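Note that the coordinates shown come from a computational prediction; the quantities given were computed from them, not determined experimentally. Count residues from 1 along the sequence. Scope of the values below: all heavy atoms of this structure, side chains included, with no hydrogens, waters or symmetry mates.
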Amino acid sequence: MEMRVVILVAMAAVVAAVLEAAAAATYTVGAPDGLWDLQTNYAEWVAARTFHPGDNITFTYSPELHDVVEVSKAGYDACSSANNISAFRTGNDVVALTAVGTRYFLCSLTGHCDSGMKIRVDVVAAGSAPGPAAAAPTSAAGSVTTPPAAAGIVGLGGGVVVLALQHGFMTLW
């Protein structure tokens, strides 16, 4: 009986890990209609999405024209990149959203932040949806990003139980 409890706990851990990995999403800032530029309405773009720990956001832009700087709330409010947290300049910058909290990003080129090139990302715990509409994660082309398939295997006595999570469904064999 004790062995079955250990096995069930192990199975639960595998399921939790599979669900967490499958839930991560990647968002391209401004997509599908824009990129990291002076034309995109970032407040509108952020309002249509819900971000969770484990998600990634990608900034795509011309490095000759823009950059991405992570700043504090004070820096965000003042459009100041002084004392920034980090700076990105590749034109294809991926930022991991690792924890619950608010992150602030802006373009540090003169006048760009003041013209609206800044973004506030609220990262909330899984199961939370603070925004008015939680949209499906999208790829750069605007299509829904399907989480990768994942599987875990746990031995059970003489048999094997395979937990497979694909497209949000769990199957037991």
Side-chain angles (χ1 to χ4, degrees), residues 16-151 165-168:
V18 167
L19 289 174
E20 184 176 328
T26 296
Y27 299 91
T28 299
V29 175
D33 297 326
L35 298 173
W36 187 237
D37 57 28
L38 289 164
Q39 287 76 44
T40 302
N41 181 332
Y42 297 106
E44 184 178 287
W45 184 83
V46 168
R49 287 151 184 82
T50 302
F51 304 94
H52 301 288
D55 289 350
N56 293 307
I57 55 174
T58 302
F59 292 86
T60 304
Y61 57 93
S62 171
E64 293 82 25
L65 302 175
H66 305 292
D67 65 7
V68 177
V69 179
E70 184 169 6
V71 296
S72 66
K73 180 178 183 335
Y76 178 84
D77 290 342
C79 276
S80 171
S81 62
N83 302 316
N84 67 57
I85 296 167
S86 57
F88 307 93
R89 293 183 172 85
T90 70
N92 190 31
D93 306 317
V94 179
V95 177
L97 304 176
T98 58
V100 170
T102 302
R103 308 270 299 266
Y104 303 92
F105 302 91
L106 55 82
C107 180
S108 70
L109 277 71
T110 303
H112 290 201
C113 178
D114 291 322
S115 295
M117 216 171 154
K118 64 182 189 175
I119 186 171
R120 170 190 163 156
V121 177
D122 293 315
V123 182
V124 298
S128 300
T138 58
S139 68
S143 60
V144 173
T145 301
T146 304
L165 180 66
Q166 187 171 20
H167 306 293

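Inter-residue side-chain proximity for Leu106 and Met117 is flagged as unmet; no heavy-atom pair is nearer than 4.5 Å. Looking only at side-chain heavy atoms (C-beta outward), Lys118 and Tyr104 stay at 4.5 Å or farther from each other. Two residues are said to be in side-chain contact when any heavy atoms from C-beta on lie closer than 4.5 Å; Val95 and Phe105 meet this criterion. Side-chain contact check for Val123 versus Pro53: some heavy-atom pair is nearer than 4.5 Å. At a threshold of 4.5 Å between non-hydrogen side-chain atoms, the residues Leu109 and Asp67 count as touching. Between Val68 and Tyr61 the shortest side-chain heavy-atom distance falls below 4.5 Å.
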From CA spacing to verdict: side chain to side chain donor-acceptor pair (under 3.5 Å), Ser81, Asn84: CA-CA 5 Å; Ser81 62; Asn84 67 57; 5.2 Å; no
Please lay out, stage by stage, how Thr58 and Asn92 fare under the test side chain to side chain contact (heavy atoms under 4.5 Å, CB included). CA-CA 7 Å; Thr58 302; Asn92 190 31; 3.4 Å; yes
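Cys pair Cys113/Cys107: SG-SG separation is not below 2.5 Å.
Of the residues listed (Leu97, Thr26, Thr98), the one engaging Asn56 in a side chain to side chain contact (heavy atoms under 4.5 Å, CB included) is Thr26, and it is the only one.
Closest of all the heavy-atom pairs between Pro63 and Gly91 is CD-CA, 4.1 Å. Of all heavy-atom pairs between Asn41 and Glu44, the closest is OD1-N, 2.9 Å. When all heavy atoms of Arg49 and Pro32 are compared, the closest pair comes out as NH2-CD, 4.1 Å. What you find for Leu38 and His66 is that their closest heavy atoms are CG-CE1, 4.1 Å. Closest non-hydrogen pair, Asp55 versus Ala25, comes out as OD1-N, 2.8 Å.
Ring orientation note: the planes of Trp45 and Phe51 are tilted relative to one another, at an angle of 30° to 60°.
Taking the six-membered ring for Trp, Phe59 and Phe88 have ring centres at least 6.0 Å apart.
Not a single donor-acceptor pair under 3.5 Å links the side chain of Ser80 to the backbone N or O of Gly75.
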